[in-house]
Structures are given as C-alpha cells and as structure tokens.
Amino acid sequence: MKIYNSLTRRKETFQPLEQGKVKMYACGITVSGEAHIGHAFQALIYDVFRKFFEKQGYKVLYARNYTDVDDKIIARSKETGIPADKYAQKMIENIDRVMARAEIDEPTLWLKATENIGNIISFILELIEKGHAYEANGNVFFDVDSFPAYGALSGRSKEDMLDGVRVENDGSKKNPYDFALWKAAKEGEIQWDSPWGKGRPGWHIECSAMNRAAFGDQIDLHGGGRDLVFPHHENEIAQSEALTGKQFAKYWTHNGLIKVNGQKMSKSLGNSLLLGDLLDRYSPDAIKFALLSSNYRGDLNITDTLFSEAEEHLARFYAVIRKAEQTFPAEQGKAAEIDERFDADMSDDFNTALALSDLFGYFKEIAKLIDSGDPLARRMTNQVKETYSLLGLFKKSPEEYLARYADREEAPEEVKLLADERRKARAEKNWAKSDELRDRIKALGYSVKDTKDGYELAKL
C-alpha cells in the first residue's frame with residue numbers, strides 16, 4: 001500500500017508506527033458558518049481512508065476536530081449577537097445534521113478546542129520551559145528561530161514565510177514570523193484564565209495539543225486541505241516536534257481544493273456551494289460519486305453538470321443491478337476479482353478515480369451477461385454492492401434509488417415544455433405569465449423549482 005507523503009513529496013510504502021494499528025487525524029471545520037461542499041469533500045476523503053485501512057485489517061483510531069474558538073467565530077458572534085460559544089455549538093449541530101444527510105460517517109473521536117483548554121495551556125508552558133516560546137504583554141508566541149527544521153513541509157524559506165500571511169506585530173514579537181500560541185483577551189471576546197492572564201488559544205496550537213492528548217507524541221497520518229500546508233500544518237510540526245523531539249506525523253496527506261466553474265470557491269466570490277442546498281437537489285450517492293471521481297490530491301472543478309451527470313451514471317448502474325436481481329433472484333455468489341482490483345486501485349494512494357472508472361466496464365459486461373442468461377451477472381452486482389459500499393455507494397435498493405431519480409428527472413414532455421416556457425417568461429420578467437405556467441404545471445402533478453442553472457421538476 002503506497003501513500004503520497006506531502007512531507008517527502010513522493011509515494012511511500014505505508015508502514016505504521018505500531019503493527020496492525022493506525023492513528024490518523026484530519027483537521028476539521030472552523031465552525032464560523034454552515035458546511036459547504038469543500039467540507040464534505042475533505043470529510044469524505046478521510047472517511048474513505050479510514051475505511052480502506054480497516055479493510056486491510058488495521059485497527060484505526062481516527063480523530064477529527066472542530067475549531068470552535070477562532071477569530072472568524074468571534075467576528076460572526078459580534079455580527080449575530082450570539083455569544084461565541086453558543087454560536088459555535090449551533091453551527092456544530094447544523095454541520096453534524098447535514099453530514100448525516102450526506103451519509104458521511106463520523107470519526108472515532110471528535111475533538112474540540114474549547115474542551116482542551118487545559119491541555120493547550122500545559123502544552124504552551126512546556127514550550128516556554130524548553131525555550132521555544134515566550135510571553136509578551138499577555139500573549140505567548142512560538143519562537144520560529146528556535147526550530148531550525150521550520151519550513152520542511154511547505155518548502156518555504158524564512159524570506160518566503162511572510163508572503164500571503166497576515167502578520168500582526170506590535171513590537172512584542174522577536175520576529176514578525178513568530179506565531180501566536182496564546183492571545184491576550186480583547187474587550188467582549190470569549191476568554192479563559194491562564195498563567196499569562198485572560199485570553200484564548202491561537203489556532204495552530206489547538207491541533208497539536210488535542211493530538212497529543214488523544215494519541216500521545218506521534219501519529220501515523222495527518223490530513224487536511226492543501227490550503228493548510230502553510231502556515232497551519234507547518235506550525236503544528238514546529239510546536240509538536242519542538243516539544244517532544246519526535247517526528248509528529250509519519251505521513252502528511254493533503255486533499256485538493258474546490259473550484260466552481262474554474263474559479264476558487266470562496267465567500268468573497270459568492271460561489272460557495274452549501275452542502276445542504278446540494279442535498280436538496282442530488283442524492284448523497286451522486287455527490288459522493290462526483291467528489292471521488294477525481295484524484296483526491298488534485299483540485300476538483302465543480303461544473304454546472306457535475307452532480308447531475310453523476311446522478312445519471314448511478315441511475316443507469318442501479319437499473320442494471322435491478323435487472324440482474326430480477327433475472328437471477330436466487331444467485332448469491334460473488335465475483336472476487338472485482339474486490340481484488342478495487343484493492344489494487346486503492347492501494348495506489350487511495351485512487352478512487354480509477355476504482356470508479358472500473359464501474360463503467362463492469363456494468364457494460366453485466367448487461368451483456370444478463371442478455372445471455374449468465375448468472376455471473378448477479379454475482380458481479382453482488383460484489384459491486386459489497387465492495388463499493390466502502391465509498392458510500394450502492395447501499396440503497398435499486399427500487400429506492402430509481403424512485404427518487406424518476407421523481408426528479410422524468411417529467412412528461414408536456415410538463416417540460418411548460419417549464420421551458422415559464423423559464424423564458426421569467427427571463428423576460430413577465431411574472432404574471434410565469435405564475436400562470438407554474439399553476440398549470442402544478443395542475444399536472446409537478447412542482448417547479450428555480451435554480452441557478454434553470455429549473456427542477458418533481459412530482460407532488
């Protein structure tokens with residue numbers, strides 16, 4: 001089994017720190033807003049990692065965190081008038097619900113910054129004692145010059161460190177690139193008592209302290225989005241290894257970022273895709289299929305048709321499964337070669353894209369076998385359902401999936417023509433005609449929902 005290690009910039013054969021066990025951690029969500037498709041992408045990727053390790057016989061301890069105290073959360077608290085801790089808890093509950101709707105499983109451990117304040121303070125005290133951190137005006141900073149290996153993960157020199165990173169230096173830092181471990185309290189901010197006065201933790205120290213409390217000094221695999229390589233993961237390495245003198249994580253993995261029609265997804269561009277909105281339109285299967293159809297390390301470009309095309313592929317696959325099950329109802333065997341090929345694909349740095357591309361060939365062959373009366377067709381569909389459940393696919397019955405798909409996609413031609421006419425009326429701002437056409441569509445047993453790309457029809 002080979003994994004691309006961001007630290008060494010090459011694929012390496014996976015060898016755990018302890019035989020038969022894997023300790024893995026993935027940076028989770030800063031809960032300053034609702035979950036978007038980028039959050040789902042990262043959560044899905046590391047859920048798949050965990051499950052494939054387990055399939056290979058490893059006992060996995062997998063932790064994710066919620067960053068529930070942070071500058072962005074404090075800003076949202078001030079905007080909404082909701083105390084920061086209550087705002088964060090509300091967002092966590094919302095995110096948990098939408099991830100459950102997406103059928104993405106929870107980790108073994110959930111870690112929260114606010115539940116680890118004591119661990120964070122103890123960690124900082126040890127760094128100060130060892131000469132890697134210093135207090136200044138109620139703040140505590142990590143002394144980057146005290147850790148010569150700084151920059152190994154990102155490949156940045158000290159001259160490059162300030163590029164693209166907001167630096168706050170009121171003269172109390174030894175160097176502008178030193179980063180905050182503890183921040184002195186400001187008026188109206190959430191705060192805790194500490195040896196340096198009231199304040200709150202910096203972002204980077206949270207993950208290091210939570211990791212050490214949950215796992216000890218070392219973990220096998222640390223994951224997160226590629227945007228976290230610098231400064232967040234670079235700072236985690238510095239803090240943890242300066243404290244323990246041991247390699248913090250043996251393998252560093254980073255998923256790519258989400259683009260929307262070629263542009264980076266961001267709130268400032270107004271192109272963020274909320275996961276809940278997508279789940280209102282597409283099945284969890286289709287969203288997973290779309291997200292896993294590309295290499296996890298590359299950026300994923302979400303086009304207007306990405307999820308609808310995934311839905312169409314899955315509908316065709318489910319239709320073949322239904323036909324195989326109806327044609328060979330008593331056949332219970334499996335086709336082990338499908339599982340073996342899946343393992344080979346996934347053992348090459350979790351290559352979900354290759355594993356999913358195999359499905360097109362399988363279902364083409366299954367369709368031919370059904371036509372020829374060969375029960376191997378049913379054995380193949382049995383194996384596909386079992387094997388690809390690891391990716392969260394084919395867990396539903398064909399009848400359940402296809403009923404949902406038909407309700408959404410297969411409106412009569414008369415209804416589609418009325419919907420097209422209504423879309424044109426809306427473009428011309430003829431609201432009276434638009435309302436009249438909507439009522440005619442409703443009378444035929446369908447609802448019409450306007451979308452960014454046009455409309456969607458569903459049976460009433």
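Only a predicted model underlies this, so the values are computations on that prediction, with no experimental measurement involved.
N295 meets the side chain to side chain contact (heavy atoms under 4.5 Å, CB included) test with R297; sequence neighbours excluded. Partners of E34 according to the side chain to side chain donor-acceptor pair (under 3.5 Å) rule, which considers only residues two or more places apart in sequence or in another chain, are N94. Applying the side chain to side chain donor-acceptor pair (under 3.5 Å) rule to E12 yields the partners N5, T8; only residues at least two apart in sequence or on another chain are considered. With sequence neighbours excluded, the residues satisfying side chain to side chain donor-acceptor pair (under 3.5 Å) with N235 are Y150, H204. For Y4, the ring-ring contact (aromatic ring centres under 6.0 Å, His included) test picks out no residue, with sequence neighbours left out. With sequence neighbours excluded, the residues forming a side chain to side chain contact (heavy atoms under 4.5 Å, CB included) with K288 are L44, E103, I104, L393, listed by chain and number. Listed by chain and residue number, nothing satisfies the salt bridge (Lys or Arg N to Asp or Glu O under 4.0 Å) test with K429 (two or more places apart in sequence, or in another chain). Remark: F52 engages no residue in a ring-ring contact (aromatic ring centres under 6.0 Å, His included) (not counting sequence neighbours). The salt bridge (Lys or Arg N to Asp or Glu O under 4.0 Å) search around E18 returns K21, not counting sequence neighbours. In this structure Y251 satisfies the side chain to side chain donor-acceptor pair (under 3.5 Å) test with no other residue, sequence neighbours excluded.
Judged by distance alone, the side chains of Y455 and D420 do bring a donor and an acceptor atom under 3.5 Å apart. Counting only N and O atoms by type, the side chains of T13 and K2 include a donor and acceptor under 3.5 Å apart.
Contact detail for S389 and K395: the closest heavy-atom pair is O-CE, 3.4 Å.
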Without placing hydrogens or testing angles, list every side-chain donor-acceptor pair under 3.5 Å for residues 118-126, not counting sequence neighbours.
from : atom 1 : to   : atom 2 : distance (Å)
N119 : ND2    : N116 : OD1    : 2.7
S122 : OG     : G118 : O      : 3.1
E126 : OE2    : R212 : NH1    : 3.0

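A cation-pi arrangement is absent between K174 and F141 under the rule of less than 6.0 angstrom and at most 45 degrees off the ring axis.
Sequence neighbours left out, the pairs with a member in residues 95-115 that pass ring-ring contact (aromatic ring centres under 6.0 Å, His included) are Y66-W110.
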